[in-house]
Each structure stands twice: as C-alpha cells, then as structure tokens.
Amino acid sequence: STRYTLAYAFDLNLDTPATAGSLNVSGNPTYTPDSAVDPFAAGTFTLNGQATFVAPNGKSYGVTRTGKGLHFSKANTGCTTDFDAGTVTYVDGKGNTLQITYTCPSVSATYDGSPLP
C-alpha cells in the first residue's frame, strides 16, 4: 500500500512541582510515503488529534492539533527538526492558536498571528 493509517490513544498522569493532573491524547494520523519501494525513507504525515488536560480541581483544558504537509526525509540531514516542510496548528478552547511551520533547515512559530522568538 502507499498509504498507512496510524492510530494512537494514551493517558498520562502528571505530578510535578507546579501541578498535577492527567493528560489524554488521541488521534488518527496518516502517512503517505514518497516511494513504495522504500516507504520509510521519506514521506508526508497528516496529523489530526486532540489532547485534554484534567487538573486536580476537575477543570479540563482541550487542545486540537492539525498538521498539514508534514514531510520528512532521511536524506535531509541538514534540517534542525524531524520535518523538513509543513505546519502543525494547535487551537485551544478559547480560539488561541499556535502554529509551527517547518522549512528546512529551520522552524518558526506564531501565537495568535504574532511571531515567537
């Protein structure tokens, strides 16, 4: 096949000096290789999923993740991240948006449209 579907779901209990709670992450990403002959040498991921953090007081905070055109290649050794192209967008329940853009060899990010250092 030239398209792979990955499914994941996990729960994590957190206990740090700052807070405690649980994190539930789930999604159904897809992977399309550039070549059927060597499918894991390079390809594109489509990431969709949700994460929910539940604090000890019972409040929950949700984030939705969407990834588009997330490409990687083992041949791109000059990249500073795993992806050499594409974007990942995180949106919380209040509409705040974090967007991470990969353009080999660098990565940039914006929060509600403003660039992050």
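Since this is a predicted model, take the numbers as computed values, not measurements. Values below: every heavy atom of this structure, side chains too, minus hydrogens, waters and symmetry copies.
For Asn96, the side chain to side chain donor-acceptor pair (under 3.5 Å) partners are Asp92, not counting sequence neighbours. Legend: residues meeting side chain to side chain contact (heavy atoms under 4.5 Å, CB included) with Asp82, ordered by chain and number and at least two apart, are absent. Not counting sequence neighbours, the partners of Ala41 by the side chain to side chain contact (heavy atoms under 4.5 Å, CB included) test are Asp38. Evaluation of the side chain to side chain contact (heavy atoms under 4.5 Å, CB included) rule for Lys74 yields Phe72 as partners, not counting sequence neighbours. For Thr103, the side chain to side chain contact (heavy atoms under 4.5 Å, CB included) criterion is met by Thr101, not counting sequence neighbours.
Two residues are said to be in side-chain contact when any heavy atoms from C-beta on lie closer than 4.5 Å; Ile100 and Val107 meet this criterion. Between Arg65 and Val88 there is a side-chain heavy-atom pair separated by less than 4.5 Å.
Grouping the Ile, Leu, Val, Met, Phe, Trp and Tyr side chains by contacts below 4.5 angstrom, directly or via other members, places Val63 with Leu98.
Among all heavy-atom pairs drawn from Gly78 and Pro105, the shortest one is O-CB, 3.4 Å. Contact detail for Cys79 and Asp84: the closest heavy-atom pair is SG-CB, 3.5 Å. Here the closest heavy-atom approach between residue Gly86 and residue Leu70 is recorded as C-CD2, 3.9 Å.
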Hey, can you pull the donor-acceptor pairs under 3.5 Å for the side chains in residues 110-117, sequence neighbours left out?
unit_1, atom_1, unit_2, atom_2, d
Asp112, OD1, Thr97, N, 2.7

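One distance of note links OG1 of Thr89 with CD of Gln99; it measures 4.0 Å at 0.5 Å rounding. In this structure, the separation between CZ on Phe40 and CG on Asp34 is 12.5 Å, given to the nearest 0.5 Å. Here Asn48 contributes atom CG and Thr30 contributes atom OG1; the two are 7.5 Å apart, rounded to the nearest 0.5 Å. Between the OG1 atom of Thr64 and the OH atom of Tyr90 there is a distance of 11.5 Å, given to the nearest 0.5 Å.
No donor-acceptor pair closer than 3.5 Å links the side chain of Thr46 to the backbone N or O of Pro29. Without hydrogens or angle criteria, Tyr31 side chain to Pro39 main chain gives a donor-acceptor distance under 3.5 Å.
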field: Residues Asn76, His71; criterion side chain to side chain donor-acceptor pair (under 3.5 Å); working and verdict
entry: CA-CA 11 Å; Asn76 290 337; His71 185 268; 5.0 Å; no

